[in-house]
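As structure tokens, the structure follows; a few thoughts come after it.
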There are 2 protein chains.
Amino acid sequence: MMAISPKRKRILDFITDFIQDRGYAPSIRDIASGCSISSPSVAQYYVEALERDGFINRRPDISRSISLIDKTTGSGVPLLGTIAAGSPIPVPESDTWVAVPEESLEIPDYLIGGINNVYAVRVKGKSMIDALIDDGDIVVMQAANSVENGTMAAVWLKDRQEVTLKRFYRESGKIRLQPANTTMQPIYCQPEDVEIQGKVIAVMRKIQR
Amino acid sequence: MMAISPKRKRILDFITDFIQDRGYAPSIRDIASGCSISSPSVAQYYVEALERDGFINRRPDISRSISLIDKTTGSGVPLLGTIAAGSPIPVPESDTWVAVPEESLEIPDYLIGGINNVYAVRVKGKSMIDALIDDGDIVVMQAANSVENGTMAAVWLKDRQEVTLKRFYRESGKIRLQPANTTMQPIYCQPEDVEIQGKVIAVMRKIQR
DNA sequence: TGGTATATAATACAAATGTACTATAGTACA
DNA sequence: TGTACTATAGTACATTTGTATTATATACCA
């Protein structure tokens, strides 16, 4: 998918939201009035541009025939890459998601239920097996810099130079990181040695073979 | 959802297929010509009937504004209930899924990718923690009575009276059930003591709090 | 027997809608 | 400086399209 200018992105977002809300596509004039464009010809101009650029499909002469090519209908979240032990998760800068991410993942609504700033990463390696997360699993996360006690979070351990998924507890000046697997021991560390990268919302695993 | 007459079902199917194929809804006249109806008023008559009966939504005066109310778009799979240790998974009878199951679950396409006979169950308890499956996880399965060696399968252990998820190996007259967690020991048993209930396709976990 | 609901048809009309044509302004570039 | 491209606007027009009206036939039920 090629890049998109902010202007065109605004039009595309309007179309996406319109379809999402109402279940049918906007007319040229709906787009014009919805995007504060004073002339249908201008809206048509954008629609043709979006069509040329491969963001939408439509049929000539057929009213409301716009359909989205990007199949991220509903709850698509960006798949931002892979986390391996020893490298930080690439957290996106809050709302600077102008460019469409290369890969997008359809997530069931009941897993994310209205949460914003959601992204997904693929786990490389078995370093988080104690959180019941296996090699190849998809972890769905919400960007966050702080979390409540007891939340399962992705934590960057500065001294170990690795990311781990643990339940996070603040305890009288120390941080306790509790593995999900109760047979494993917690990690204790200083607040300045850890950095929260996000809350874990969901895990999805595709079983091979 | 109330019953539907065969005639109206034909119209509804046409609308469904039209939207599926083209990505936008048919006009009244599209329905007329597509269903061999010689007059737009007759097509409108059916559309109003379908709207009254709750099968479709539409807005007055808005062209091609029909949308389907039945939200089984795409990859909904039936959520057949809960498996607890000590009770068999309720496998559905092959293709007798005429009735819509009470609950349906939206599963990302990349997880099931064209596989048929797919259903999901919710896991109760920690008895399958050695397969990295936690209490509350959703397990997506494909109905099967036999599997290839090495496949992760739901297996009913007759002597223990419980279901377990393990990798399945047939080995010179015996069955080896290998936990996904390599720190745990395999279970060996006789072929007549096990019954395969399905292949595990995927696991989904919603993290609480 | 008559009323009611379903099914079907023809047609006319006004509103919704895609499209074409023309025009203007700003910016980048050669 | 002129050319090309993008962005924007106004307007006119023909087609698409939802809707209203009228009419006919059949089946069911009271």
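Chain A is the first sequence line, chain B the second, and so forth, proteins listed ahead of strands; every chain is numbered from 1.
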When the distance from [atom1] of [X] to [atom2] of [N] is rounded to whole Å, what number comes out?
| X | N | atom1 | atom2 | value |
| --- | --- | --- | --- | --- |
| B/Ile66 | D/dT19 | CD1 | C1' | 14 Å |
| B/Tyr24 | D/dT16 | OH | C1' | 12 Å |
| A/Ile11 | D/dA7 | CD1 | C1' | 11 Å |
| B/Arg64 | D/dG18 | CZ | P | 7 Å |
| B/Tyr45 | D/dG18 | OH | P | 19 Å |
| B/Gln44 | D/dT22 | CD | C1' | 14 Å |
| B/Lys9 | C/dA7 | NZ | C1' | 20 Å |
| A/Arg58 | C/dT17 | CZ | P | 14 Å |

Q) A/Phe18: what forms a ring pair (Phe, Tyr, Trp, His ring centres under 6.0 Å) with it, not counting sequence neighbours? A) A/Phe14, A/Tyr24

Q. Are any of the side-chain heavy atoms of A/Val155 and A/Glu195 separated by less than 4.5 Å?
A.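 A/Val155 vs A/Glu195: side chains apart.
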
Q | Base-pairing mate for C/dA30 - Watson-Crick or G-U, with both contacts under 3.5 Å | A | D/dT1

Classify [X] by what it touches in the nucleic acid, base, sugar-phosphate, or nothing, heavy-atom distance under 4.0 Å.
| X | value |
| --- | --- |
| A/Ser41 | base |
| A/Arg59 | nothing |
| A/Pro60 | sugar-phosphate |

Q) Quick one: on DNA chain D, does A/Ala49 or A/Ser39 contact a more 5' nucleotide (nearest heavy atom)? A) A/Ala49

**Q.** N-O pairing of B/Lys158 and B/Asp193 below 4.0 Å
**A.**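 The answer is no: the pair does not qualify as a salt bridge.
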
Q | Donor-acceptor pair present, A/Ser63 side chain and C/dG18 base, under 3.5 Å | A | no

Q) Does any N or O donor sit under 3.5 Å from an N or O acceptor when you compare the side chain of A/Ser27 with the base of C/dA16? A)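 Such a pair does not exist between side chain and base.
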
Q | Sole residue of B/Ser63, B/Ser27, B/Ser65 in side chain to side chain donor-acceptor pair (under 3.5 Å) with A/Ser63 | A |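 Of the listed residues B/Ser63, B/Ser27, B/Ser65, the side chain to side chain donor-acceptor pair (under 3.5 Å) partner of A/Ser63 is B/Ser63.
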
Q | Residues within residues 28-38 of chain A bordering DNA chain D, heavy-atom distance below 4.0 Å | A | A/Arg29, A/Ser38

(Q) With a 3.5 Å distance limit and no angle check, can you tell me whether A/Arg167 reaches the backbone of A/Thr151 through a side-chain donor-acceptor pair? (A) no

Q: For B/Asp135, check salt bridge (Lys or Arg N to Asp or Glu O under 4.0 Å) against everything at least two apart and list the hits.
A: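 Scan of B/Asp135 (salt bridge (Lys or Arg N to Asp or Glu O under 4.0 Å), adjacent residues dropped) gives none.
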
Q: Start with the C-alpha distance between B/Asp137 and B/Arg122, add both sets of side-chain angles, then the distance that settles salt bridge (charged side-chain N to carboxylate O under 4.0 Å, His left out), and finish with yes or no.
A: CA-CA 6 Å; B/Asp137 284 8; B/Arg122 190 182 298 275; over 6 Å; no

